[in-house]
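Report on one structure; see the data block that follows.
Naming convention: chains lettered A, B, ... in sequence-line order (proteins, then strands); numbering from 1 in each chain. Computed over heavy atoms, backbone and side chain alike; hydrogens, waters and symmetry mates excluded.
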2 protein chains.
Amino acid sequence: MATGRTHRPATRSRGIPEATVARLPLYLRALTALSERSVPTVSSEELAAAAGVNSAKLRKDFSYLGSYGTRGVGYDVEYLVYQISRELGLTQDWPVVIVGIGNLGAALANYGGFASRGFRVAALIDADPGMAGKPVAGIPVQHTDELEKIIQDNGVSIGVIATPAGAAQQVCDRLVAAGVTSILNFAPTVLNVPEGVDVRKVDLSIELQILAFHEQRKAGEEAAAEAAVPAAARKESTDQGPDGDVPAVMPA
Amino acid sequence: MATGRTHRPATRSRGIPEATVARLPLYLRALTALSERSVPTVSSEELAAAAGVNSAKLRKDFSYLGSYGTRGVGYDVEYLVYQISRELGLTQDWPVVIVGIGNLGAALANYGGFASRGFRVAALIDADPGMAGKPVAGIPVQHTDELEKIIQDNGVSIGVIATPAGAAQQVCDRLVAAGVTSILNFAPTVLNVPEGVDVRKVDLSIELQILAFHEQRKAGEEAAAEAAVPAAARKESTDQGPDGDVPAVMPA
DNA sequence: CCATCTTTGTGCACGCGTTCACAAAGACAT
DNA sequence: ATGTCTTTGTGAACGCGTGCACAAAGATGG
Ligand SMILES: NC(=O)c1ccc[n+]([C@@H]2O[C@H](COP(=O)([O-])OP(=O)(O)OC[C@H]3O[C@@H](n4cnc5c(N)ncnc54)[C@H](O)[C@@H]3O)[C@@H](O)[C@H]2O)c1
Ligand SMILES: NC(=O)c1ccc[n+]([C@@H]2O[C@H](COP(=O)([O-])OP(=O)(O)OC[C@H]3O[C@@H](n4cnc5c(N)ncnc54)[C@H](O)[C@@H]3O)[C@@H](O)[C@H]2O)c1
């Protein structure tokens, strides 16, 4: 980024810590499930278990929203669903465009999870002229030429990028220029955006690599600790112990 | 060197901080691009810009791997690609199974990014008997009944879950019981796993909700700051200013 | 109205991650 | 060799997030 001295303390997140914001959808999901089972109230302990977090953390998270619980009883499920929904901005409708209707884009378009919570697929956009007009998930694909018009006509502020990596930055620039201020990026690229635009990325490849790291570590420790009972002999190759600091040959 | 000291804190992640591990794939991707352009060396500043991070952070990250740079020059691209690949465990082959070959599962199976880095789709598994044998992305889908056998025969330790949420925990349990110790979960559910099993989740819905939160905040601040030039009048309903603390009516 | 019991809300301490800033290392020219 | 210039590697400070532990709040029963 290297923009000049923004002299404020980072992002200024309306008082609610970013880590908390990231967990609110998790709580909301658990609460919605309880709501559907007509459970009237829930304790921090129970809800925390359902959401897979620490109960103290959950209580602290909720404390940022206000004092919505009742001591000795717990939290009113319906009320909390409403409060979190409102806090997350889910009480309003968010039109979303998906750009790049290939394998992934089509899967996203077909995904039912969108409509369930305030999000509505306003348009599907692709650069392939052959796709124009073809319906995917009941919505006709539109050509990239109309991107700007679509954004403006529908008041779209959230865009999803599912194009190949090479096209992502260009698509991103156009989205931002047209008025989009939040982007969910599935392409494996770093997107450069002006200040005020939020980008979140979903990167399958990175997730797998992180898993591989831990997997390798587990295998290494296992081999180092118990030099017996090798459940199923695999991973051979170099295999030079857990701390492979042998510097090989530094190519100067 | 860093082998001694058994009174280490908590989980002991092989010395490399988790946050660093999560960035290594990012660096690797940038380095691979440089490598393909035959760039011999790169400075921390350049590489950091390409990866979208702070240069000091990048140097510190690399310092956990060892002293692979040359002062006054930078880092040798090829060497660093190798070192990071090795650290992430990408020098070996990781067979992966995908369970749940619906919209998303099929897209994942077709994704080329798997094979590019050590990951290989060993099998596609689905519960629908009608899909058994049908090829997706050139690989015949196999029935869930064979899950255990597939895992064992191929020595699979990484599994991807792309089933509906309701089936995810059950599938997870079977994968774990069969020997899988790393899971990438696309279903919107919290997975319970025994210790030693890593789970990472990719949750589109959560990402969108986080974006919506910030989007709403931006709209709120904008409306509060400049009470003029309302780009496109939307968001009506209650619309009670940025800090909606009006407690409505607490349903007791 | 009082006692007891449950559960929230939060003060506090601690550890992790980020960033600054700079000494040291080495390349390169003279 | 010696000096200059570039860039690394890291000490140190700081801020954020987490989790413990407990006082206060309020429900519930007698
Ligand atoms: N498929 C997956 O499971 C998966 C997983 C992780 C990441 N990704 C990433 O998601 C992206 C899409 O993956 P995919 O498998 O759907 O690829 P794909 O090739 O099937 O689809 C890409 C689509 O984008 C369109 N497109 C290309 N340039 C465009 C442009 N400038 N504007 C608009 N549309 C454009 C193409 O016409 C095509 O329909 C890729 O970047 C991929 O790396 C995919
Ligand atoms: N499609 C998306 O873009 C998207 C995005 C985010 C999350 N998700 C999540 O990913 C999951 C899959 O989404 P989808 O759109 O592909 O759904 P889908 O209904 O198209 O596919 C689900 C597949 O799983 C199979 N299945 C069901 N139970 C199974 C079991 N016990 N064992 C093995 N296979 C089983 C079904 O036969 C089906 O083929 C869902 O949980 C969804 O919420 C999807």
Problem - Sub-4.0 Å heavy-atom contacts from residues 25-41 of chain A onto DNA chain C, ordered by number - result: none
Practice task
Give the rounded distance in Å between these two atoms: CG of A:Leu65 and P of C:dT8.
Solution key: 15 Å
Exercise for the section: Start with the C-alpha distance between A:Ser205 and A:Gln209, add both sets of side-chain angles, then the distance that settles side chain to side chain donor-acceptor pair (under 3.5 Å), and finish with yes or no. Expected result: CA-CA 6 Å; A:Ser205 187; A:Gln209 288 175 45; 3.1 Å; yes
Practice task
Determine, for nucleotides 21-30 of chain C in 5'-to-3' order, which nucleotides have protein heavy atoms under 4.0 Å from the base (write B), from only the sugar-phosphate (write S), or from neither (write -).
Solution key: B--BB-S---
Handout entry: Atom-pair distance (CD on B:Glu46; P on D:dT6), nearest Å
Key = 14 Å
Exercise for the section: Please name all residues satisfying side chain to side chain donor-acceptor pair (under 3.5 Å) with A:Ser63, sequence neighbours left out, ordered by chain then number. Expected result: none
Practice task
Name the nucleic acid region contacted by A:Tyr75, choosing base, sugar-phosphate or nothing; use a 4.0 angstrom heavy-atom cut-off, strictly under.
Solution key: sugar-phosphate
Exercise for the section: Sequence neighbours left out, what passes side chain to side chain donor-acceptor pair (under 3.5 Å) with B:Asn192? Give chain and number order. Expected result: none
Problem - Mutual orientation of the aromatic rings belonging to B:Tyr82 and B:Tyr79 [parallel < 30°, tilted 30-60°, perpendicular > 60°] - result: tilted
Exercise for the section: Please name all residues satisfying side chain to side chain donor-acceptor pair (under 3.5 Å) with B:Ser44, sequence neighbours left out, ordered by chain then number. Expected result: B:Arg59
Problem - Residue pairs fulfilling ring-ring contact (aromatic ring centres under 6.0 Å, His included) with at least one residue in residues 22-50 of chain A, sequence neighbours excluded - result: A:Tyr27-A:Phe62
Exercise for the section: Mind checking side chain to side chain contact (heavy atoms under 4.5 Å, CB included) for B:Arg71 and listing every partner two or more places apart, or none if nothing turns up? Expected result: none
Handout entry: Length of the line joining A:Asp61:CG and D:dT18:P, which is rounded to integer Å
Key = 8 Å
Fill in the blank from the handout: note: A:Leu58, atom CG; C:dT10, atom P; distance rounded to Å ~ 14 Å
Exercise for the section: Between C:dT19, C:dT10, C:dG17, spot the one nearest the side chain of A:Ser63, thanks. Expected result: C:dT10
Handout entry: Length of the NZ-P vector between B:Lys57 and D:dT8, whole Å
Key = 17 Å
Practice task
Compare every heavy atom of A:Val42 with every heavy atom of A:Leu47, then report the nearest pair and how far apart it is.
Solution key: N-CG2, 3.7 Å
Practice task
Measure from the side-chain heavy atoms of A:Glu18 and tell me the nearest of D:dG17, D:dG19, C:dG17.
Solution key: D:dG17
Problem - Those residues that, when tested against B:Thr41, pass side chain to side chain donor-acceptor pair (under 3.5 Å) (two or more places apart) - result: none
Exercise for the section: May I ask you to verify if any side-chain N or O of A:Ser44 is less than 4.0 angstrom from the OP1 or OP2 atom of C:dT7? Expected result: no
Practice task
List in chain and number order the residues that pass side chain to side chain contact (heavy atoms under 4.5 Å, CB included) with A:Glu45, two or more places apart in sequence or in another chain; answer none if no residue qualifies.
Solution key: A:Ser43, A:Ser55
Problem - Spacing of A:Asn54 atom CG relative to C:dT8 atom P, expressed in whole Å - result: 13 Å
Exercise for the section: Output every pair passing ring-ring contact (aromatic ring centres under 6.0 Å, His included) with a member in residues 39-60 of chain A, not counting sequence neighbours, ordered by first then second residue. Expected result: none
Handout entry: salt bridge (Lys or Arg N to Asp or Glu O under 4.0 Å) pairs, two or more places apart, involving residues 199-214 of chain A
Key = A:Arg200-B:Glu207, A:Asp203-B:Arg29, A:Glu207-B:Arg200
Between the protein and nucleotides 11-13 of chain C, which nitrogen or oxygen pairs come in under 3.5 angstrom?
from, atom 1, to, atom 2, distance (Å)
C:dG11, O6, A:Lys60, NZ, 3.2
C:dC12, N4, A:Lys60, NZ, 3.2

Handout entry: Whole-Å gap separating P (C:dT10) and OH (A:Tyr64)
Key = 10 Å
Fill in the blank from the handout: Taken to the nearest whole Å, CD/A:Glu45 to P/C:dG9 is 14 Å
